[in-house]
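Some notes on the structure that comes next.
Chain naming here is simple, since letters A, B, ... match the order of the sequence lines and numbering starts at 1 in each.
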There are 2 protein chains.
Amino acid sequence: MKRNVTVKTLAEQLNISIATVSKALSDSHEISAETKQRVLDLARTLNYERNPAASNLRSHRTSTIAVIIPDVANNFFSLAIKGIEEIARTHNHHVLIYQTHEDSAAEIAFTNSLISGRVDGILISVTRSAGNLAHFQSLIRQIPVVFFDRSIEIPDAFSITTDDYESAYQATRHLAEKGCRKIIFLQGLDRLATGQRRLRGYLDALNDSGLEQLQPVALAANTDPQLIRDGIRQAIIGEKPDGVLSSIEEFVVPCYYVCRELGIDMPGALKLVSFSNLPTAPLLHPALSTITQPAFEMGRVAASCLFQILHKREVDLLSLPGLHSQLIERESSALV
Amino acid sequence: MKRNVTVKTLAEQLNISIATVSKALSDSHEISAETKQRVLDLARTLNYERNPAASNLRSHRTSTIAVIIPDVANNFFSLAIKGIEEIARTHNHHVLIYQTHEDSAAEIAFTNSLISGRVDGILISVTRSAGNLAHFQSLIRQIPVVFFDRSIEIPDAFSITTDDYESAYQATRHLAEKGCRKIIFLQGLDRLATGQRRLRGYLDALNDSGLEQLQPVALAANTDPQLIRDGIRQAIIGEKPDGVLSSIEEFVVPCYYVCRELGIDMPGALKLVSFSNLPTAPLLHPALSTITQPAFEMGRVAASCLFQILHKREVDLLSLPGLHSQLIERESSALV
DNA sequence: CTGTTAGCGCGTTCAG
DNA sequence: CTGAACGCGCTAACAG
């Protein structure tokens with residue numbers, strides 16, 4: 001194994017001091033253009049790569065950010081990561097990925113392992129089992145954090161979301177216009193601000209449409225399929241709705257099965273709109289319209305926001321581009 | 001800002017040496033159980049977190065691996081990442097993500113930035129524009145690398161793939177049994193070993209079915225949609241096939257459009273089977289059967305392989321579970 | 001079983 | 001504009 005090339009190697013070969021090399025490599029203004037060039041040239045020919053550990057240890061900068069999400073293999077989150085990675089790259093930063101699988105203990109473990117200086121900042125879409133408000137309150141005082149999509153209510157926390165209220169409102173109005181008189185809301189994010197906003201949009205729309213206000217159907221945050229199905233069945237039998245607004249995609253399929261069991265004609269007797277980020281979902285489920293989030297854009301915006309913070313710029317959240325969900329109706333969707 | 005707690009803090013409070021603390025924290029066999037416990041207890045109460053940069057600088061271990069893939073927002077790769085992340089977690093390792101977007105210059109830049117000790121090992125699914133064999137040959141001598149799915153032919157390189165040959169063979173036989181007499185092959189990975197294996201499976205199947213051997217249709221590796229469509233149109237007009245085997249999913253939609261333009265009835269006059277990892281694809285395209293890769297499993301196996309290497313174990317590739325693609329026919333696919 | 005010593009490679013003083 | 005010296009926090013080697 002031949003010895004790695006370090007600043008020392010460069011310094012010796014050029015007969016200058018280590019400090020000069022270091023400064024030249026960071027493009028310091030106190031080094032002459034000529035010296036810089038000589039250093040850079042040699043660095044290139046020797047394939048010098050700065051040792052990140054040493055650099056980090058000394059400078060407390062890691063050029064790394066972390067992304068914590070429930071699940072990578074989910075169309076929404078993988079698109080968000082894609083956007084985040086692209087922005088990170090333009091800032092010469094590396095991206096670490098962590099999956100919580102909706103387990104808030106894992107979430108806490110990850111964030112704790114990150115505050116020891118492994119990353120410069122964190123992008124997070126919180127677990128829906130959440131509830132550890134105190135943990136996040138302490139976290140954001142220790143390291144820059146930007147919440148995206150799934151946020152929790154913390155004053156002074158940066159948080160990038162779409163127009164959850166507005167899209168739930170519009171979707172509900174849409175159902176009402178299609179003739180639905182009794183619309184239920186399947187709530188899957190009741191502990192998150194995101195879910196609360198969607199709920200308010202739904203309730204206000206019912207009100208403005210002169211429709212009956214119903215209790216949201218709060219379904220178990222854990223992922224026991226049987227519990228979810230039972231909850232939906234109970235709600236459908238009890239309320240006999242002709243419209244459903246689902247706050248997360250996960251309820252769509254169980255809802256179908258329940259209706260099939262109960263002999264309910266889905267496009268006819270019961271219309272369903274779901275927040276969903278599988279763009280092809282309307283194609284799969286003829287009776288389904290979806291509210292699709294701009295996941296890729298959201299990743300980009302959230303990452304940009306984080307880098308603004310890291311660069312110690314004043315973050316003007318209002319200057320960031322607005323993010324709007326899109327209601328995709330079954331009727332309007334063509335092949336691909 | 002209050003000072004961070006380090007091994008020194010722990011050592012002082014417990015009146016033992018720094019080295020003892022360090023050893024206790026790494027569960028060294030040369031420390032008594034009692035001392036270990038005292039150290040661990042104090043570490044917990046003080047919320048001690050080991051500084052990863054310092055540890056890495058000294059030990060040359062990073063507890064981090066890198067995953068380099070063409071695109072995160074792709075069902076196959078996001079599932080693979082999911083598997084990788086889960087295995088990495090069981091080994092207490094962190095996962096860095098890089099997207100090449102099929103750009104081999106980016107691929108080279110990423111790998112170069114990683115050999116300076118940022119990660120312990122690399123998992124990579126190479127760009128289809130590949131061709132930089134020499135680069136990878138030098139890379140695998142500098143750092144442990146495991147190729148997955150998209151591999152290139154390098155002796156002594158670890159590479160985890162599915163039964164590409166076999167599945168292309170079976171798919172082609174399947175088409176022949178359905179009555180296809182003239183089956184063309186749309187080649188999208190011609191520079192990769194993966195693509196070569198699929199091609200051989202196709203050719204052998206033609207042979208064994210007593211069908212005419214045709215030149216594979218090599219389509220541009222870059223992603224100009226017009227070029228792809230033109231290539232497909234030319235092949236279909238020229239060869240007048242009644243069956244198509246596509247080596248990548250990307251050609252499916254263009255193929256549809258071309259057939260629509262040419263007035264070719266797709267399930268009837270032309271049957272299509274594609275390597276594809278969108279599990280819902282057969283539902284979307286009534287005429288399409290797919291060969292689906294076990295992406296999640298592949299991620300897990302590739303990561304396990306990498307950790308075996310990192311642990312300096314003899315890697316017995318044969319001991320790893322076999323990975324088999326699955327042919328999903330339109331007829332057999334139910335809703336979700 | 002525990003402690004002492006000596007760096008890992010880099011960036012930041014401060015002195016020339 | 002350049003260089004000498006120090007230490008970031010930790011761990012490997014060696015002594016006791």
Side-chain angles (χ1 to χ4, degrees), chain A residues 1-40 42-43 46-64 113-120, chain B residues 1-40 42-43 46-64 92 113-120 312:
Chain A
M1 197 69 150
K2 84 161 167 287
R3 203 160 135 26
N4 231 318
V5 27
T6 74
V7 278
K8 194 173 168 191
T9 325
L10 299 181
E12 281 166 359
Q13 298 225 4
L14 293 170
N15 275 320
I16 56 180
S17 84
I18 292 175
T20 307
V21 173
S22 173
K23 287 174 188 164
L25 289 173
S26 15
D27 201 24
S28 160
H29 55 272
E30 51 183 81
I31 300 293
S32 71
E34 194 208 323
T35 309
K36 276 182 193 167
Q37 200 51 55
R38 296 206 314 141
V39 172
L40 257 52
L42 185 63
L46 294 187
N47 272 321
Y48 167 79
E49 291 280 345
R50 166 199 254 118
N51 180 315
S55 172
N56 169 10
L57 180 57
R58 195 59 243 245
S59 69
H60 297 290
R61 272 179 274 103
T62 61
S63 18
T64 305
S113 86
L114 291 174
I115 54 177
S116 56
R118 186 176 290 276
V119 297
D120 295 343
Chain B
M1 199 68 151
K2 83 160 167 286
R3 201 159 134 27
N4 230 319
V5 27
T6 74
V7 277
K8 195 173 168 190
T9 326
L10 300 181
E12 281 166 359
Q13 298 224 7
L14 293 171
N15 275 319
I16 56 179
S17 84
I18 293 178
T20 305
V21 173
S22 173
K23 286 174 191 165
L25 289 172
S26 18
D27 200 27
S28 161
H29 56 272
E30 50 184 77
I31 301 293
S32 72
E34 193 208 323
T35 309
K36 274 183 194 168
Q37 200 51 55
R38 297 206 312 142
V39 172
L40 257 51
L42 186 62
L46 295 186
N47 271 321
Y48 167 79
E49 290 282 344
R50 161 199 263 124
N51 180 316
S55 172
N56 168 11
L57 180 57
R58 190 61 242 246
S59 68
H60 298 289
R61 273 178 274 102
T62 61
S63 8
T64 305
N92 292 311
S113 85
L114 291 175
I115 54 178
S116 56
R118 186 175 289 276
V119 296
D120 295 342
K312 296 267 182 329

Run the side-chain donor-acceptor check on residues 30-37 of chain B: report pairs under 3.5 Å with partners two or more places apart or on a different chain.
residue : atom : partner : partner atom : Å
B:Glu30 : OE2  : B:Lys23 : NZ           : 3.0
B:Ser32 : OG   : B:Thr35 : N            : 3.2
B:Ser32 : OG   : B:Thr35 : OG1          : 2.7
B:Lys36 : NZ   : B:Asp27 : OD1          : 3.1
B:Lys36 : NZ   : B:Ser28 : O            : 3.1
B:Gln37 : NE2  : B:Asp41 : OD1          : 3.0

Q | Partners meeting side chain to side chain donor-acceptor pair (under 3.5 Å) with B:Asp120 (sequence neighbours left out) | A | B:Thr62
Q) Is A:Ser17 near enough to D:dT2 that one of its side-chain N or O atoms lies under 4.0 angstrom from OP1 or OP2? A) no
(Q) Using whole Å, what does the distance between atom P of nucleotide D:dA13 and atom NE2 of B:His60 come to? (A) 11 Å
Q. What residue pairs, at least two apart or across chains, pass salt bridge (Lys or Arg N to Asp or Glu O under 4.0 Å) with a residue in residues 47-60 of chain A?
A. none
Q: Would you mind reading off the distance between A:Glu12 atom CD and D:dG3 atom C1', rounded to a whole angstrom?
A: 14 Å
Q. Is the shortest heavy-atom distance from the side chain of A:Val21 to the side chain of A:Leu42 under 4.5 Å?
A. no
Q. Is there a donor-acceptor pair under 3.5 Å between the side chain of A:Ser22 and the backbone N or O of A:Ile18?
A. no
Q.
When the axes are fitted on five pairs at both termini, how much does the helix from C:dC1-D:dG16 to C:dG16-D:dC1 curve, in 10° steps?
A. 30°
Q: Sequence neighbours left out, what passes side chain to side chain donor-acceptor pair (under 3.5 Å) with A:Ser17? Give chain and number order.
A: A:Thr20
Shorter than 3.5 Å, N or O on both sides, protein versus nucleotides 10-13 of chain C: list them out with atom names.
residue : atom : partner : partner atom : Å
C:dC10  : OP1  : A:Tyr48 : OH           : 2.8
C:dC10  : OP1  : A:Asn51 : N            : 3.3
C:dC10  : OP2  : A:Val7  : N            : 2.7
C:dG11  : OP1  : A:Arg50 : NE           : 3.0
C:dG11  : OP1  : A:Arg50 : NH2          : 3.2
C:dG11  : OP2  : A:Ser22 : OG           : 3.0
C:dG11  : N2   : A:Arg58 : NH1          : 2.3
C:dG11  : N3   : A:Arg58 : NH1          : 2.8

**Q.** Whole-Å distance separating the NZ atom of A:Lys36 from the P atom of D:dC1
**A.** 9 Å
Q | Heavy-atom side-chain proximity of A:Tyr48 to A:Leu25 below 4.5 angstrom | A | yes
**Q.** Side-chain N or O of B:Ser32 closer than 4.0 Å to phosphate OP1/OP2 of C:dC1
**A.** no
Q.
Quick check for you: to the nearest 0.5 Å, what is the distance between B:Arg118 atom CZ and A:Thr64 atom OG1?
A. 4.5 Å
Q) What's the CG-C1' distance between A:Leu10 and C:dG9, to the nearest Å? A) 12 Å
Q | Given DNA chain D, 5'-ward residue of the pair B:Ala53 and A:Ile31, judged by closest heavy atom | A | A:Ile31
Q) What is the distance from CG of A:Asn56 to C1' of D:dG7, rounded to the nearest Å? A) 15 Å
Q) Say you draw a straight line from CG of B:Asn47 to CD1 of A:Ile115; how long is it, rounded to the nearest 0.5 Å? A) 6.5 Å
